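Keep in mind the model is a prediction, meaning the values are calculated, not measured. Worth knowing before you read on, the calculation uses all heavy atoms, side chains too, and leaves out hydrogens, waters and symmetry mates. In what follows, every chain begins at residue 1, and chains take the letters A, B, ... in the order their sequences are listed.
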2 protein chains.
Amino acid sequence: MSSNFSHSEENYIKNIYHLQQSTGFATTNELAAALRSKPASITDMLKKLKAKKLLIYEPYKEFNLSPQGKRIALGIVRRHRLWEYFLVEKLKFGWDEVHEIAEELEHVSNKKLTDQLDQFLNYPRFDPHGDPIPDSNGKMIVQQQMILTELALNAPSQVSSVGSQSSELLELLKHKNITIGTRVEVKKKFSFDRSMELKLNNQVAVNISEQLASVLFVKSV
Amino acid sequence: MSSNFSHSEENYIKNIYHLQQSTGFATTNELAAALRSKPASITDMLKKLKAKKLLIYEPYKEFNLSPQGKRIALGIVRRHRLWEYFLVEKLKFGWDEVHEIAEELEHVSNKKLTDQLDQFLNYPRFDPHGDPIPDSNGKMIVQQQMILTELALNAPSQVSSVGSQSSELLELLKHKNITIGTRVEVKKKFSFDRSMELKLNNQVAVNISEQLASVLFVKSV
DNA sequence: AAATAAATTTAGACAAACCTAAAAAAAATT
DNA sequence: AATTTTTTTTAGGTTTGTCTAAATTTATTT
Ligand SMILES: [Mn+2]
Ligand SMILES: [Mn+2]
Ligand SMILES: [Mn+2]
Ligand SMILES: [Mn+2]
């Protein structure tokens with residue numbers, strides 16, 4: 001009755017989920033890049049996941065998780081984000097240190113453990129990077145947010161999440177004193193390099209690169 | 001510099017450690033029984049652990065962990081027991097439910113994670129089963145304790161640990177209201193079946209079987 | 001419509017971790 | 001001391017998950 005998947009299978013499932021969240025579907029090459037493995041390895045696993053009815057896949061085509069596969073993905077995402085929240089809130093880790101550890105903890109799958117942890121943490125709805133945490137039924141809040149590059153001039157908004165967990169990004173944000181919840185207004189956009197000047201928390205003015213702006217999600221306030 | 005071991009290697013190392021703690025050394029058959037695998041598989045792994053300098057082993061002989069192997073074992077035991085403590089104290093699990101989960105969590109090996117968890121828990125010195133938790137240097141309290149079967153009549157003592165993590169044992173102890181710290185005096189020993197009558201917490205009288213007495217460790221008070 | 005480039009799959013290997021059955025060594029009995 | 005039993009190892013397989021190199025399919029250009 002109770003299904004059990006290997007670490008490897010779970011990492012594939014989760015990454016397919018993230019890919020199809022951002023582009024609607026997943027492809028062999030993109031998944032290989034995400035998992036830092038090779039396309040041939042991906043094809044092997046796609047066959048296994050299809051055989052287990054977790055994946056909708058035909059050779060040479062793009063692929064998507066089946067409803068069952070998506071249910072499993074949401075469980076993994078739930079565990080990952082709950083542990084990240086735990087590490088930051090209870091163990092006092094920085095938000096740039098928790099992703100790798102959660103990458104391991106997410107594979108300890110025991111329903112009671114996850115649900116008790118959730119309760120212990122007081123049912124947090126967002127992880128330290130601003131991403132929503134699925135509840136025990138896989139439901140989560142969908143934020144309407146936009147990429148900072150698309151935000152209109154002088155529109156009051158705040159950072160709602162970041163589009164990458166890389167410690168390089170998080171280090172840069174720490175340096176610039178930008179975190180989830182920081183108030184942002186775009187004061188000027190420079191067409192030369194598409195960098196922009198921001199006002200942070202209605203006070204400081206900073207300049208950020210296009211690369212940075214393109215991984216910052218904001219919502220209007 | 002930083003070594004990394006597979007789940008399987010870690011389970012072998014930890015179980016060799018426990019065997020040599022109780023009998024001074026480990027053997028192929030005993031380890032196979034402990035790991036619920038087959039002797040041939042054990043031999044395979046012994047060669048690998050020897051090649052990695054974690055094990056002192058010659059074919060057909062008993063074996064022991066090298067100092068390095070023991071250091072690693074203590075790290076695994078530390079994580080296992082800290083997580084058990086966390087599960088009972090923070091997530092409100094029963095002491096009979098935590099062993100299996102800790103069996104997984106112990107493999108998430110990140111020094112900062114373990115040390116921060118230790119601090120968060122306030123540096124507990126014993127796990128829920130009364131076993132000592134190694135500190136970050138691998139040091140732990142050695143309790144002088146004896147098996148209940150060897151305790152003299154009317155000697156005031158208390159339960160200090162249990163010699164098995166089986167949920168069957170823990171269920172029985174829960175039923176008899178015996179837990180770590182319970183005061184115990186042996187009032188009578190029956191030679192017919194070597195069962196014994198106990199006084200618990202200076203109040204209740206209960207009868208326990210030899211099998212049960214032989215997995216209860218006590219220390220005098 | 002051909003030719004070229006890119007994406008994907010297949011073929012064939014390999015390492016890790018397990019297994020069964022058979023052989024060898026060590027220990028216990030007679 | 002010889003025989004029997006027990007313990008351990010070896011030989012030879014299997015599964016999972018990975019890889020490289022070659023082949024195939026699909027997409028893009030010319
Ligand atoms: Mn992971
Ligand atoms: Mn996150
Ligand atoms: Mn384990
Ligand atoms: Mn324990």
Side-chain angles (χ1 to χ4, degrees), chain A residues 3-17 19-20 22-65 69 72-73 76 103-104 106-109, chain B residues 3-16 19-20 22-65 69 72-73 76 103-104 106-107 109:
Chain A
S3 329
N4 218 13
F5 301 99
S6 69
H7 284 206
S8 192
E9 288 171 327
E10 288 190 347
N11 285 332
Y12 275 80
I13 293 166
K14 191 184 67 170
N15 279 280
I16 294 169
Y17 172 81
L19 283 176
Q20 72 183 35
S22 65
T23 52
F25 55 83
T27 66
T28 302
N29 266 357
E30 280 178 344
L31 187 53
L35 288 168
R36 298 150 166 282
S37 69
K38 297 293 180 289
S41 310
I42 303 298
T43 304
D44 285 349
M45 184 62 94
L46 296 182
K47 290 176 193 165
K48 291 176 199 162
L49 295 178
K50 183 186 180 180
K52 294 189 179 187
K53 311 232 183 250
L54 302 177
L55 192 69
I56 294 160
Y57 162 68
E58 295 303 326
Y60 294 105
K61 299 267 170 61
E62 356 177 288
F63 44 91
N64 281 280
L65 294 173
I72 289 157
I76 303 165
E103 201 59 51
E104 299 303 316
E106 69 188 0
H107 302 293
V108 179
S109 70
Chain B
S3 327
N4 217 13
F5 301 99
S6 71
H7 284 206
S8 193
E9 287 170 328
E10 289 191 344
N11 285 332
Y12 274 80
I13 293 166
K14 191 184 66 169
N15 278 280
I16 294 168
L19 283 177
Q20 74 182 34
S22 63
T23 52
F25 55 83
T27 66
T28 303
N29 267 356
E30 280 177 344
L31 187 52
L35 289 168
R36 297 151 167 285
S37 68
K38 297 293 181 288
S41 309
I42 303 297
T43 305
D44 283 351
M45 184 63 93
L46 295 182
K47 290 177 191 164
K48 289 177 201 163
L49 295 178
K50 183 185 180 180
K52 293 189 179 188
K53 312 234 185 246
L54 302 177
L55 193 67
I56 294 160
Y57 162 68
E58 294 303 327
Y60 294 105
K61 299 267 170 62
E62 347 175 299
F63 44 92
N64 282 278
L65 294 174
I72 289 156
I76 303 166
E103 202 57 50
E104 299 302 316
E106 69 188 1
H107 302 293
S109 68

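- If you take OH of Tyr57(A) and C1' of dT25(D), they are 12 Å apart, rounded to a whole angstrom.
- For the pair Leu49(B) CG and dT9(D) P, the computed distance is 13 Å after rounding to whole Å.
- A sub-4.0 Å separation between OP1 or OP2 of dT18(D) and a side-chain N or O of Tyr12(A) is present.
- Among the protein residues, Thr43(B) comes within range of the nucleic acid bases, having at least one heavy atom under 4.0 Å from a base atom.
- Among the nucleotides dT18(D), dA17(C), dC18(C), the one closest to any side-chain atom of Ser6(B) is dA17(C).
- A parallel orientation is assigned to the rings of His7(B) and His107(B), their planes being inclined by less than 30° (bins at 30° and 60°).
- Side-chain N/O atoms of Thr27(A) include none lying less than 4.0 angstrom from OP1 or OP2 on dA7(C).
- One atom, CD1 of Ile42(A), and another, C1' of dC19(D), lie 12 Å apart when rounded to the nearest Å.
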Full working for side chain to side chain contact (heavy atoms under 4.5 Å, CB included) between Thr43(A) and Tyr57(A) | CA-CA 10 Å; Thr43(A) 304; Tyr57(A) 162 68; 4.0 Å; yes
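- A straight line from CG of Leu31(B) to P of dT9(D) spans 11 Å, rounded to a whole angstrom.
- Nucleic acid contact class of Thr28(B) (heavy atoms, under 4.0 Å, all strands): sugar-phosphate only.
- Considering only side-chain N and O atoms, Ser8(A) lies nowhere under 4.0 angstrom from the phosphate OP1 or OP2 of dT16(D).
- Across all strands shown, Pro39(A) has heavy atoms under 4.0 Å from base atoms, whether or not it also approaches the sugar-phosphate.
- For Lys48(A), a side-chain nitrogen or oxygen approaches OP1 or OP2 of dG17(D) to under 4.0 Å.
- Computed from coordinates, the Lys38(A) NZ to dA22(D) C1' distance equals 17 Å when rounded to whole Å.
- Atom pair Lys47(B):NZ and dA11(D):C1' shows a separation of 10 Å (rounding to whole Å applied).
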Could you give me the CA-CA distance, side-chain angles and deciding distance for Ile16(A) and Leu54(A), then say whether side chain to side chain contact (heavy atoms under 4.5 Å, CB included) is met?
-> CA-CA 11 Å; Ile16(A) 294 169; Leu54(A) 302 177; over 6 Å; no
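- Distances from the side chain of Asn29(A) to the nucleotides dC19(D), dA7(C), dT10(D) place dA7(C) closest.
- Heavy atoms of Lys61(B) sit nowhere under 4.0 angstrom from any nucleic acid atom.
- Base contact: Ser41(B) has a heavy atom under 4.0 Å from a base atom.
- Nearest heavy atom pair, residue Leu46(A) against residue Leu31(A), reads CD2-CD2, 4.4 Å.
- Remark: side-chain polar atoms of Glu10(B) are not paired, donor with acceptor, to backbone N or O of Ile76(B) under 3.5 angstrom.
- Rounded to an integer number of Å, the gap from Tyr60(A) OH to dT10(C) P is 6 Å.
- Remark: C1' of dT18(D) and CG of Leu46(A) are 14 Å apart, rounded to the nearest angstrom.
- Within the 4.0 angstrom heavy-atom criterion, no nucleotide atom of any strand lies near Phe63(B).
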